[in-house]
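Heads up, the thing below is written out as structure tokens.
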Protein chains: 2
Amino acid sequence: MNIGQAAEASGVSAKMIRYYEQIGLIEPPARSQSGYRVYAEPNVHTLRFVRRARSLGFSVEETGALLALWRDRSRASADVKTLALKHVAELEEKAAALQAMAATLRHLASHCHGDKRPDCPILDKIGSPN
Amino acid sequence: MNIGQAAEASGVSAKMIRYYEQIGLIEPPARSQSGYRVYAEPNVHTLRFVRRARSLGFSVEETGALLALWRDRSRASADVKTLALKHVAELEEKAAALQAMAATLRHLASHCHGDKRPDCPILDKIGSPN
DNA sequence: CTTGACCTTCCCATGATGGGAAGGTGTAGC
DNA sequence: GCTACACCTTCCCATCATGGGAAGGTCAAG
């Protein structure tokens, strides 16, 4: 399987596959005589793992840690859980920050007439000298 | 006022002030004979506006649009409100995405024993072949 | 044997921010 | 006036994850 098929099969773009290889997140695959990367099913499985970890918001570095645990058959599930819950806390913190911004702005907007006149509590507040 | 004092007074770092000037978000300030940037109160006011807009999650580009409206005394408040509500929607969308990740992961973690054994539904799920 | 789809590596760009180097300026204390 | 130190200037580099694209090699179908 060439990189294009591996990309198709895993949902990770060819560009990203090369990048993940370059930074050492995944193992370099075999090469054909002409230098093409050749992927087998286990490689694709790893790529899917990476894609899913990324889609759960893990950074590439955290994904590397998860990958190491995944491959380590003598891992303690406590280590995985700790990593996961720490990440959950970070996600929730970021979500809360975004929601706080949204709430503030929504509140300001609710007091804005939204017509042709220039008076606007949104700008007033952002530009207030406090 | 030199850039250090302006940074202090506005809460925007000197590095960022220079950057905002470079990309055209803010006007280049006056210069002293020796080439130092010289800021007056209106400049600091603008910088504070920028800082607040950024802290509400507006991108630098959106901040530029807000700044233009802020300076335009014949603006329609509807334009500001539209911009703000569009941004609120984006913020809420991002927050929801983060929370969905957190919920998924929290759910998986709740099924993980978190002990010395290797069995772990978190890794199982991330690595599942689906 | 040509064509087109694929592959390779290499470089550049994004967005917002910080770090740091090399060198000039301004001021306080002696 | 001289020294020390804090500040300023510009310039380059790094981050994080991703995409774009160029220049050139490979492969399979017609």
Side-chain angles (χ1 to χ4, degrees), chain A residues 1-26 28-40 43-44 46-67 87 90-91 94 97-98 101, chain B residues 1-26 28-40 43-44 46-67 87 90-91 94 97-98 101:
Chain A
M1 201 184 333
N2 286 341
I3 199 171
Q5 278 122 35
E8 176 84 7
S10 66
V12 179
S13 75
K15 273 281 202 207
M16 278 301 101
I17 296 176
R18 293 193 197 97
Y19 172 70
Y20 290 154
E21 178 188 333
Q22 190 206 314
I23 63 172
L25 178 65
I26 59 177
R31 294 276 183 149
S32 73
Q33 280 194 325
S34 57
Y36 283 21
R37 288 173 179 80
V38 177
Y39 297 88
N43 302 297
V44 173
T46 299
L47 286 169
R48 268 194 291 256
F49 183 96
V50 169
R51 178 176 55 76
R52 288 218 191 78
R54 297 282 302 118
S55 78
L56 285 171
F58 288 100
S59 70
V60 168
E61 194 172 359
E62 289 165 331
T63 300
L66 283 175
L67 210 42
H87 185 56
E90 288 168 5
L91 288 171
K94 281 182 200 163
L98 292 178
M101 293 177 194
Chain B
M1 197 182 340
N2 286 341
I3 199 171
Q5 277 123 36
E8 176 84 10
S10 65
V12 179
S13 74
K15 275 280 201 203
M16 279 300 102
I17 296 176
R18 292 193 196 97
Y19 172 69
Y20 291 153
E21 178 188 333
Q22 190 204 315
I23 63 174
L25 177 66
I26 59 177
R31 296 274 184 152
S32 72
Q33 279 194 324
S34 57
Y36 284 20
R37 288 173 179 80
V38 177
Y39 296 88
N43 302 296
V44 173
T46 300
L47 287 169
R48 269 194 291 255
F49 183 96
V50 170
R51 176 175 57 75
R52 287 217 191 79
R54 297 281 304 114
S55 78
L56 285 171
F58 288 101
S59 70
V60 167
E61 193 171 0
E62 289 166 331
T63 300
L66 283 175
L67 210 43
H87 185 55
E90 289 168 4
L91 289 170
K94 281 183 201 162
L98 292 178
M101 294 177 195

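These values consider heavy atoms only, across backbone and side chains, with no hydrogens, waters or symmetry-generated copies.
- Considering every non-hydrogen atom in both Arg31(A) and Val38(A), the closest pair reads C-CG2, 4.1 Å.
- The closest donor-acceptor contact from the side chain of Arg37(B) to the backbone of Pro28(B) lies at 3.5 Å or more, if one exists at all.
- The NZ-P distance, from Lys15(A) to dC12(C), rounds to 13 Å in whole Å.
- Checking side-chain atoms of His87(A) against main-chain N and O of Glu62(A) turns up no donor-acceptor pair under 3.5 Å.
- Under the 3.5 Å distance criterion, the side-chain polar atoms of Arg51(A) are matched with a main-chain donor or acceptor of Ser10(A).
- For DNA chain D, the span of nucleotides reached by chain B at under 4.0 Å from its heavy atoms goes, 5' to 3', from dC7(D) to dC11(D).
- Going from atom CD1 of Ile23(B) over to atom C1' of dT17(C) covers 11 Å, rounded to whole Å.
- We find that CE of Met1(A) is positioned 16 Å from C1' of dC7(C), with the value rounded to whole Å.
- More than 12 heavy-atom neighbours from other residues, nucleotides or ligands sit within 6.0 angstrom of CD on Gln5(A).
- In terms of phosphate contacts, Tyr19(B) brings no side-chain nitrogen or oxygen within less than 4.0 Å of OP1 or OP2 of dG18(C).
- Residue contacts shown for Arg37(A) are limited to sugar-phosphate atoms, with no base heavy atom under 4.0 Å away.
- For the pair Val60(B) and Tyr20(B), the minimum side-chain heavy-atom distance is below 4.5 Å.
- The CD1 atom of Ile26(A) sits 10.5 Å away from atom CE of Met16(A), with the distance rounded to the nearest 0.5 Å.
- Contact detail for Val12(A) and Leu47(A): the closest heavy-atom pair is CG2-O, 3.5 Å.
- Comparing Ala14(A) and Glu61(B) by the nucleotide of DNA chain C that holds the closest heavy atom to each, the one mapping nearer the 5' end is Ala14(A).
- Within 4.0 Å of Ser32(A), counting heavy atoms only, lies no atom of the nucleic acid at all.
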For nucleotides 1-6 of chain C, which of its nitrogen or oxygen atoms have a protein nitrogen or oxygen under 3.5 Å away, and what is each distance?
{"unit_1": "dC6(C)", "atom_1": "O2", "unit_2": "Tyr36(A)", "atom_2": "OH", "d": "3.4"}

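- Following rounding to the nearest Å, Met16(B) (CE) and dG15(C) (P) show an atom-to-atom distance of 13 Å.
- Atom CD of Glu8(B) sits in a sparse spot, with 12 or fewer heavy atoms from other residues, nucleotides or ligands closer than 6.0 Å.
- The interatomic distance linking Arg54(B) (CZ) with dG15(C) (P) rounds to 12 Å, in whole Å.
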